[in-house]
Amino acid sequence: MIIASLTRSVTVGFSCPFLLLQAKASLFMKPFIAEILSQTVDRLKAEAVFPADFNPRIMVDNTKDKRHGDLATNLAMVSAKAAGMPPRDLAERLIQALPETDQISKAEIAGPGFINFFLSSSAQTAIVPEILKQAAQFGRSQTGAGQKVQVEFVSANPTGPLHVGHGRGAAVGDCLCRLLEATGWDVTAEFYYNDAGQQIANLALSVQARAKGLGPDDQGWPEDGYRGDYIQDVARSYMAGETVKADDIEVTGAADADDLESIRRFAVAFLRHEQDQDLKAFDVGFDVFFLESSLYDEGKVEETVQRLIAQGHTYEQDGALWLRTTDFGDDKDRVMRKKDGGYTYFVPDVAYHLNKWQRGFKRVIDEQGADHHSTITRVRAGLQALDVDIPEGWPDYVLHQMVTVMRGGEEVKLSKRAGSYVTLRDLINEVGRDATRYFLAARAATSQLTFDIDLARSQSNENPVYYIQYAHARLCSVARQANEKDMPWDRDAGEAALTLLVHEQEQALLNQLARYPEVVELAARDLEPHQIAQYLRDLAAAMHAWYNACPFLVEEASLRNARLTLAMATRQVLANGMSLLGVTAPEEM
RNA sequence: GCGCCCAUAGCUCAACCGGAUAGAGCAACGGCCUUCUAAGCCGUGGGUUGCAGGUUCAAGUCCUGCUGGGCGCGCCA
């Protein structure tokens, strides 16, 4: 469903947004070099070095090692066979046939046949005025072309406070929304409340038991009751006749321990309110809160069941209604309607996703914990069985692996029923919002994650997020110092003097800055927010190294202004990147 | 038993649709503040990328088979 995708290496002839910007070749050097290489291939075709129908994938990569120049291509190696000559010889021919350009200062053969490109000074520094001109817009694109995309995440049951696992979902999901929005998508962030079904009944019974003064180990405590202390808070508030608000509802406790329905409504509202507070503290917002109960209330579940029956994908057996999901790749069929007449959870899930489709979301991303991965096949199968032209493989899923919590050197086992719990609120209070967000979003979702609370708390000053924030704060401080020392930044003078930025650390920093738009594009394409976190660490490292190597507030005005200009561009990109992670960019620390 | 995810430095993790000498942080050791914030910088040590094959000019990355771990496999959600 990715409409305009960007290849990691630019491939000529592939749909690539950067190629539309050839007029700004100096800003986006990868496609520029890919283009001149394409021209070079054409020349060598004319000279019969390549067969006339030869059409290689031209790839231009960033180099890892500065000695290999700024950008490199493996074209000679992948084309050696077609040209019938050794890679290094072919590389020599390619270099000789390169068009003249002032963007490249040197192109040389290296290793087994790489061609390394060294950018000219003007090509390297051109990014700086562009950053300052675009400011907060720098790095944003129109790749998504304004298309609608829905991201569903967190979707915790309203049966308890949010825990660390929800926190990971919140951090990753929110960053996905920010990334998609930054790349031109029309994003709807949505939270699905499972506020119907057995677990809610358990919740109500648990609160009722607490309201009657029972504890988890007492006679009469519900069998699958929630044992956590927070249940007591709910009961106390209910019996005190308090009023709670959540999203669009407001419920006042009836203070009647025998009115189970009233308890249920109050408990759900209470816990939704708690979760809303947690999310607010985490700076995670949603556009839509969707209630599972509304699917029942509006007959959508029943409609979905009837549609599945009408399409002939169901059968009765053992007193239950089954969906033949094995027709759609599942390893066994699934019960839709239980003996007792109730629906299994996946039926409203299918109804919910049908609703998403009907709302016009051609692209939907569900961010979930990997422990729910078995629902993917079932939901997709149910949607196919509906036969309403939903594409196979819709919707997309981003699954995050489990979070292991360490406290006091031991793993904390999360159990909602047992009440053993590390809440998201605890983490925010103990570790801080920025550090918690960064920690949870900075690693690939596919990696299991160990969150050591003691470490995160006791060494909070050494958390990587402070390293990045400090880089930003330092540059802000430089700007303040410049004013205090009566040598304020002259942007025009600085932009005119950028070719003075020849120090090794300045070159490295310019390189990092030029990467940013592509990093955003790739992180959004791959749905991997951790790429942003990784990049920011690299950018901050380049900045700190430069800071230590080069004084800014020097006497010579042109050099001073050139460096201040680079500093302000760097500050801007740090701020832009941090905003994609939802991390604050402090002006002082 | 079947399915999904994973295995990289002592620990936590990166590694750009396969590319050059696999990188950071933490931990260890040695240097750098009369000068823009030392929450920083510079340097040293640390690896058979779980094992065995295969594809390729080139494999941590792709394929197959093992081993080890997490999760799932309910008429729970």
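Chain letters run A, B, ... following the sequence lines, proteins first, then strands; residues in each count from 1. Reckoned from all heavy atoms, side chains included, excluding hydrogens, waters and symmetry mates.
A distance of about 25 Å separates the P atoms of B:G25 and B:U34, rounded to the whole Å. Distance noted for atom P between B:U67 and B:C57: 32 Å (whole Å). Using atom P as the reference point in both B:U48 and B:A38, the two lie 38 Å apart (nearest Å). With P as the reference atom, B:C13 and B:A39 are 27 Å apart, rounded to whole Å. If you take atom C1' in B:G69 and the same atom in B:G50, they sit 11 Å apart, rounded to whole Å. With both ends at atom C1', the span from B:G23 to B:G45 equals 16 Å, rounded to whole Å. Across the P atoms, B:C32 and B:G19 are found 41 Å apart, a figure rounded to whole Å. Comparing B:G30 with B:C66, their C1' atoms are spaced 45 Å from each other, to the whole Å.
Contact check, A:His530 against B:A15: a side-chain N or O comes under 4.0 Å of OP1 or OP2. Here A:Lys338 reaches the OP1 or OP2 of B:C76: one of its side-chain N or O atoms lies under 4.0 Å away. Listed pair A:Arg474 / B:A38 meets the phosphate criterion, a side-chain N or O lying under 4.0 Å from OP1 or OP2. Considering only side-chain N and O atoms, A:Ser447 lies nowhere under 4.0 angstrom from the phosphate OP1 or OP2 of B:G70.
Taking the side chain of A:Lys332 as heavy atoms from C-beta on, and the options B:A20, B:C73, B:C5, the nearest nucleotide is B:C73. The side chain of A:Asp371 lies closest to B:C71 when the candidates are B:C17, B:C71, B:C5. The nucleotide whose nearest atom lies closest to any side-chain atom of A:Arg67 is, among B:C75, B:U21, B:C5, B:U21. For A:Lys485, the listed nucleotide lying nearest its side chain is B:C36; candidates were B:G19, B:A77, B:C36. For A:Met402, the side-chain atoms get nearest to B:G70 when compared with the rest of B:G70, B:C76, B:U12. Each of B:C75, B:A20, B:A15 was ranked by its minimum atom distance to the side chain of A:Ala72; first place goes to B:A20. Distance from the side chain of A:His373 is smallest for B:C71 among the nucleotides B:C71, B:A77, B:C13. Closest to the side chain of A:Asn116, from the set B:A77, B:A39, B:A20, is B:A20. Considering only the side chain of A:Thr446, B:C6 comes nearest among B:G70, B:C6, B:C75. Here the side chain of A:Ala320 is nearest to one of B:C73, B:C75, B:C16, namely B:C75.
In this structure, the side chain of A:Ser155 engages the main chain of A:Tyr192 through a donor-acceptor pair within 3.5 Å. Side-chain atoms of A:Tyr438 do not come within 3.5 Å of backbone N or O of A:Arg433 as any donor-acceptor pair. Judged by distance alone, with hydrogens and angles left aside, the side-chain atoms of A:Arg324 form no donor-acceptor pair with the main-chain N or O of A:Asp333 at under 3.5 Å. Remark: the backbone N or O of A:Tyr467 is paired with a side-chain donor or acceptor of A:His544 at under 3.5 angstrom.
If you measure from atom CG of A:Asp330 to atom C1' of B:C2, you get 12 Å, rounded to the nearest angstrom. Rounded to whole Å, atom C1' of B:C36 lies 14 Å from atom CG of A:Asn561. In this structure, CZ of A:Arg57 is placed 10 Å from C1' of B:G18, rounded to the nearest angstrom. Atom NZ of A:Lys66 and atom P of B:A20 are 17 Å apart (whole Å). In this structure, A:Glu521 atom CD and B:C17 atom C1' are separated by 15 Å, rounded to whole Å. One can place CZ of A:Phe328 at 20 Å from C1' of B:G3, the figure rounded to the nearest angstrom. Between A:Tyr466 atom OH and B:G25 atom C1' there is a gap of 16 Å when expressed in whole angstrom units. Rounded to whole Å, atom C1' of B:G40 lies 12 Å from atom CG of A:Leu475.
Under the Watson-Crick and G-U wobble criteria, each requiring two contacts below 3.5 Å, nucleotide B:G47 is left unpaired. Pair assignment for B:A27 gives none, since no Watson-Crick or G-U wobble pairing has each distance under 3.5 Å. Under the Watson-Crick and G-U wobble criteria, each requiring two contacts below 3.5 Å, nucleotide B:C2 is paired to B:G72. When Watson-Crick and G-U wobble pairs are counted only if both distances are under 3.5 Å, B:A9 pairs with no nucleotide at all. Shown here, B:U64 forms a base pair with B:A52; the pair counts as Watson-Crick or G-U wobble because both key distances fall under 3.5 Å.
Nucleic acid contact for A:Asp318: base, since at least one base atom lies under 4.0 Å from a heavy atom of the residue. Contacts of A:Glu588 with the nucleic acid, taken as non-hydrogen atoms under 4.0 Å apart, include base atoms. Using a 4.0 Å heavy-atom cutoff across all strands shown, A:Leu399 reaches no nucleic acid atom at all.
In this structure, A:Phe114 packs face-to-face on the six-membered ring of B:A20, meeting both the 5.5 Å centre cutoff and the 30° plane limit.
Comparing A:Ala473 and A:Asn62, the nucleotide of RNA chain B nearest to each residue sits closer to the 5' end for A:Asn62. The nearest heavy atom of RNA chain B to A:Gln317 and to A:Gln481 marks one nucleotide each, and the one closer to the 5' end goes with A:Gln481.
Separation of the A:Tyr516 and A:Tyr535 ring centroids falls under the 6.0 Å cut-off. Checked against the 6.0 Å centroid threshold, A:Phe328 and A:His313 count as a close aromatic pair. Residues A:Tyr352 and A:Phe290 bring their aromatic ring centres within 6.0 Å. Separation of the A:Phe451 and A:Phe439 ring centroids falls under the 6.0 Å cut-off.
Contacts of residues 540-559 of chain A with RNA chain B (heavy atom under 4.0 Å): A:His544, A:Ala545, A:Tyr547, A:Asn548, A:Cys550, A:Pro551, A:Phe552, A:Leu553.
Between A:Glu292 and A:Asn194, the shortest heavy-atom distance links the atoms OE1-CA, 3.2 Å. When all heavy atoms of A:Gln275 and A:Gly160 are compared, the closest pair comes out as NE2-O, 2.9 Å. The two residues A:Pro529 and A:Val172 have their closest heavy-atom pair at CG-O, 3.9 Å. Annotation for A:Ile200 and A:Pro158: closest pair CD1-CG, 4.0 Å, computed over non-hydrogen atoms.
Between the side chain of A:Tyr345 and the base of B:A77 there is at least one donor-acceptor pair of N/O atoms closer than 3.5 Å.
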**Derivation of the ring-ring contact (aromatic ring centres under 6.0 Å, His included) call for A:Trp546 and A:Phe552** = CA-CA 10 Å; A:Trp546 175 52; A:Phe552 303 112; 4.5 Å; yes
**Request:** Go through A:Thr143 and A:Glu521 one step at a time and tell me if the side chain to side chain donor-acceptor pair (under 3.5 Å) criterion holds.
**Result:** CA-CA 8 Å; A:Thr143 307; A:Glu521 209 64 50; 2.3 Å; yes
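Glycosidic conformation of B:C26: anti, with the torsion beyond 90° of 0.
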Can you name the atoms? Protein N/O to nucleotides 55-61 of chain B N/O, anything below 3.5 Å, with the distance.
unit_1: B:C57; atom_1: OP1; unit_2: A:Lys81; atom_2: NZ; d: 3.1

